[in-house]
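These numbers come from a predicted model, not from an experiment. Whatever order the structure lists them in is the order used to number ligands and atoms, beginning at 1. As a basis for the values below, the full set of heavy atoms in this structure was taken, side chains included, without hydrogen atoms, waters or symmetry mates.
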Amino acid sequence: MPLPKLTRRQFFCSLAVTGGAAGMWMRFVEPWWVGESHITVPLGLGGLKLLHLSDFHADPMPLDFLSRQIDRALAWKPDFICVTGDFITKTFEKWDAYATVLAKLPAAAPTFATLGNHDGGRWARFSGYPTTLRV
Ligand SMILES: [Fe+2]
């Protein structure tokens with residue numbers, strides 16, 4: 001079935017509508033979407049529970065929202081915790097308050113963490129904290 005022919009105006013209008021919808025999704029829907037899944041992996045480790053958290057994106061995400069989600073996750077009483085990056089989105093200023101929220105994790109169980117692409121490096125050079133250590 002052939003695709004309908006669009007005028008240049010129709011093409012750019014549809015592009016703008018699609019881009020606007022994607023932007024609205026990324027700004028107003030996805031950040032508040034907290035996914036939760038429970039997976040059992042038969043490793044013979046006596047029922048150890050691993051909590052995996054990721055993509056906190058503090059600022060724009062409010063710290064009180066993150067704190068509530070962490071409390072909710074810790075109610076599961078994990079034996080180990082892994083945090084896999086994107087602690088921030090671009091830049092951030094409320095480090096002391098954020099440290100207080102994050103401190104709940106190692107207080108509850110051994111916690112391992114890694115940085116994400118938003119937390120620094122080549123990708124973050126456009127608007128965040130690039131890795132620019134110079135001695
Ligand atoms: Fe992310």
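With sequence neighbours left out, Ser54 forms a side-chain hydrogen bond (donor to acceptor under 3.5 Å, both in side chains) with Thr84. Remark: Asp79 engages no residue in a side-chain hydrogen bond (donor to acceptor under 3.5 Å, both in side chains) (not counting sequence neighbours). Not counting sequence neighbours, the partners of Asp71 by the side-chain hydrogen bond (donor to acceptor under 3.5 Å, both in side chains) test are Lys104.
Within the protein, the number of N/O/S atoms found under 2.8 Å from the Fe ion (ligand 1) is 3.
Side chain of Asp119 to backbone of Asp86: a donor-acceptor contact under 3.5 angstrom is found.
A side-chain donor-acceptor contact under 3.5 Å links His57 and Thr89.
Remark: Lys49 NZ is packed, more than 12 non-hydrogen atoms of other residues, nucleotides or ligands lying under 6.0 Å away.
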